[in-house]
Amino acid sequence: MPAVSKGDGMRGLAVFISDIRNCKSKEAEIKRINKELANIRSKFKGDKALDGYSKKKYVCKLLFIFLLGHDIDFGHMEAVNLLSSNKYTEKQIGYLFISVLVNSNSELIRLINNAIKNDLSSRNPTFMCLALHCIANVGSREMAEAFASEIPRILVAGDTMDSVKQSAALCLLRLYKTSPDLVLMGEWTSRVVHLLNDQHMGVVTAAISLITCLSQKNPDEFKTCVSLAVSRLSRIVSSASTDLQDYTYYFVPAPWLSCKLLRLLQCYPPPEDGAVKGRLVECLETILNKAQEPPKSKKVQHSNAKNAILFEAISLIIHYDSEPNLLVRACNQLGQFLQHRETNLRYLALESMCTLASSEFSHEAVKTHIETVINALKTERDVSVRQRAADLLYAMCDRSNAKQIVAEMLSYLETADYSIREEMVLKVAILAEKYAVDYSWYVDTILNLIRIAGDYVSEEVWYRVIQIVINRDDVQGYAAKTVFEALQAPACHENMVKVGGYILGEFGNLIAGDPRSSPLVQFNLLHSKFHLCSVPTRALLLSAYIKFINLFPETKATIQEVLRCDSQIRNSDVELQQRAVEYLKLSSIASTDVLATVLEEMPPFPERESSILAKLKKKKGPGAVSVTELEDSKREGGELNGGGDRGQDTATMAASNASTPSPSADLLGIRSTAPLGAAPASAGSLLVDVFSEAGPTAPSAAVNDDGFLRFVCKNNGVLFENQLLQIGIKSEYRQNLGRMYLFYGNKTSVQFASFTTTVSCPGELQSQLNVQTKPVEPLVEGGAQIQQVLNIECLTDFSDAPLLNIKFRYGGALQNLTLKLPVTINKFFQPTEMTSHDFFQRWKQLSQPQQEAQKIFKANNSMDTEVLKAKLLGLGTALLDNVDPNPENYVCAGVIQTKSQQVGCLLRLEPNAQAQVQHTDSPERVSHNYSSIPNFLHYLSPYSVNI
Amino acid sequence: MQFMLLFSRQGKLRLQKWYVPLCDKEKKKITRELVQTVLARKPKMCSFLEWRDLKIVYKRYASLYFCCAIEDQDNELITLEIIHRYVELLDKYFGSVCELDIIFNFEKAYFILDEFLLGGEAQETSKKNVLKAIEQADLLQENIDFQMRLFAGVMVPNMVSESSGLFQN
């Protein structure tokens, strides 16, 4: 065919394109475009009616301008006019313009729909295809409303041409993806399945994409497709390379169709019918055998097409996870690819092996390739391949090879690409924790991690090592010794100083016997780093110092002197200044007993999922960390944390809090109190209590909801505390049920008498929430703690909170207290993962006023990403990464489980940094963190729709 | 497939096809980001990369990069061959296609793509059938178009690379 002689040349367009290409600068181009736009505008507005050709030409020019990246705000009407032209090329350009430029909200959609309707009923296959292409390209809801019932009819009608069937199938697929509710299953569904048997390979190729999508959502209705797909696949696999004529691609019979068939089969479990299954296994074996045959062509297209089928077959084998023989063969095949000269194949083999590693049948087989994979990590030239190798090492890691893999990953880290360092660090941290048999190895590994890649060690990682050291007595001495040695390096990373400060502050006494690490030596070592550190680290060190005063009274004078010097006590940073002042005062006023209580060793942390894992999961998106892995780690994490939840000694907590200045201190479970000093109203007041001479303030009978807000995003902690009583909460929720443990602690040395608690659901809450409990013992001895269990059932959507009334006698005076119990609708959330596509599709469906709500509110404190994320996760929803086009925004999805219904909720938070800047400028920091969350909640419930 | 982009070595977008609804701003952002990412990669590197929660499959033909974004469960290798088949179709239609053909006849490139892929899925993989459909459409054009056929002199290639055949590398 001669070059560029085909089709309907438009000379004016070619000249214009040439002009644009000859523009020497962006300005010249814009000038030329503006000139053209003015010209077209005047033509369109002119009195003289334009002929079809000119209209087509101008519309085409507009399209070209738009595709260059300029905005186009007119010409739509002219394009719509072209649709009803009876000249094919004019119609075609009209449709192209509409497909590219008319978004789904256009008012023109009615006119367009009319034109499409006419073409669909024209019975001219070329026109019908054009119309179907347009629907498939635009795929708006309005189009779905207009055509969703018409297209299935076209698709299965006996007299429809093959090419129209193909377009109709994929057109319907697009509409189904946009508006599944509008595409109703019906009589046509069974006939669609039989398109798998169609004689025309093109029809099968198009129809199978539709069938795959439909069977994912309605597996039962489509399950007959399994046997049809198997026999079709079997016919293709066993056909000679020339049988399928033009559907053979570089000697590979129907590669696209084969891949789609194998993909369809992955929507279902292995066939139950023995004969079908046998036939399928045969196909899979043939595909694996073919991989060993010599290639029929040297072209890369041949091997790509052949291997595309092979990889899809391996995916199916992995999906079935029931044929040990095939799994091992698949693994061996991938093993060969690991050393293939084609980078693409090495990449895919590493990727595919990652999923094989999680199958019990092939895990061991995958492990045999460890050396190759380690080698890939070291020698691959392409970072995306190295990334896959790191993923695979992570996936194949178990107790038997953890030390080797962690060591290799650590050594790779020294030269790793910046883009993957953070993830590597998380992975090493997780593996080290998960497979730690002796914890000195774990401590060594994490400290090495900080040494090698300190900048990439996120807070989660160093919080976690501290958490584990605190929970495990047997490693504390070793940790103190190791960190002490690490700190002696002339230049050590600030994260090392943080870990060092924290651990020596807690456990420095364990190594103080050695004169080389005597208390003063320890202190001097820490203090030598002080001036090089950032404010948060300095704050942490100050807390370590006050802990030293308690651990080693002989350091008191030295440390007081440090605290007293102007650079501390008059530090311009309010946080540091306050710490210095308070610690100095504390150390000079408080008796040793008080000091010992306040600065007691941290209690073990409650067992919890490693937040490092959560972070990695978030980073990688769903699917990267398998659920079983998560469960595993929960279990193992539990073992490792040792201690359960205890009544937290708040004074200790307050002082220790001070040493974790970061807002994402979530890991340590001490979010309930804001950093000391920063928040004189909360944590500060605890210290005031210690010194305060004033007696207990009169308890108020009014409803106290201070604690309530803090529990919106968390389940455990101290709900209420005054001089007499501390109320702790531990709660867990599953689906629409919850259990809440209330711990009432008598802080005095005197007995509480007539202690009664009543839980009530005011007003309409009675019919929405069911709360049951048993009465508690009427006597609470001094210093004792009693427990009460509440069983909670969410019947339907609710907005109020149940009330807890507590009455008791203390020294003759009746105490009466009413608290809001933190049972909020979000507790019944189940997180839901979804893709960006699904999310926005559902989002758009929630368009009725009662289904959505929007609220703009001022951030009460800094809009730190990690804090926001932690809050949103705490809310109970899944935080979806890479869903919102704007990375600044957060989107979440979850299903609220109530007895009567399940309500899907989508949430989108768009922080506006500017507003926040204003806020942080103000000197007052707000002490409680969670007040913005109830704002969410207020509009969460109306945000819902039945799924 | 979520979208397909064709761009030159200079980063100029030559064709864009979106199979998921996105606003213009977002499309521009994605394009900018991806063009940059892909152009920064070295020749012998792997044709696949992870990007956001998508997989990117790309291949360079002469001066043009063909770049597809597919979803997690989609097959990378077969996508690579989708690209190749599309190039074959263009080549057969234009007769040794070069970047200039796609610039000056962008509408044709879109029409051919629509016959081959619809809604992001392969509609017809037979080269003969796709070309037959396009030729039938061409036959429907009016006589007037033959008279207004593109003048060869109109095309002044700016860059030699744009006029070199895509299959010549």
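Throughout, a chain's letter reflects where its sequence line sits, starting with A, and its residues are numbered from 1. Side chains included, hydrogens not; waters and symmetry mates left out as well; all remaining heavy atoms used.
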Which atoms of A:I208 approach chain B - backbone, side chain, both or neither, heavy atom under 4.5 Å: neither
Contacting moiety of B:E76, where chain A heavy atoms sit under 4.5 Å: side chain
Candidate pair A:R263 and B:N75, rule side chain to side chain contact (heavy atoms under 4.5 Å, CB included), full reasoning: CA-CA 9 Å; A:R263 173 88 196 86; B:N75 189 314; over 6 Å; no
Of all pairs that satisfy ring pair (Phe, Tyr, Trp, His ring centres under 6.0 Å), the ones with a partner from residues 33-55 of chain B, not counting sequence neighbours: A:Y347-B:F48
Proximity of residues 25-39 of chain B to chain A, residues having a non-hydrogen atom under 4.5 angstrom: B:E26, B:K28, B:K29
Contact class of B:A133 relative to chain A, heavy atoms under 4.5 angstrom: neither
Distance-only donor-acceptor check, side chains A:S384 and B:R41, under 3.5 Å: yes
Donor-acceptor contact present, side-chain A:Q166 to main-chain B:Q123, <3.5 Å: yes
Which portion of B:L118 sits near chain A, non-hydrogen atoms under 4.5 angstrom: both
Plane angle bin for B:F106 and A:F64 - parallel if under 30°, tilted between 30 and 60°, otherwise perpendicular: tilted
Atom group of B:I82 that falls short of 4.5 Å from chain A, counting heavy atoms: both
Which atoms of B:Q73 approach chain A - backbone, side chain, both or neither, heavy atom under 4.5 Å: both
Heavy-atom contact with chain A under 4.5 Å, split by part of B:K42: neither
Part of B:E124 within contact of chain A (heavy atom distance under 4.5 Å): both
B:K55, part contacting chain A, at a heavy-atom distance under 4.5 Å: side chain
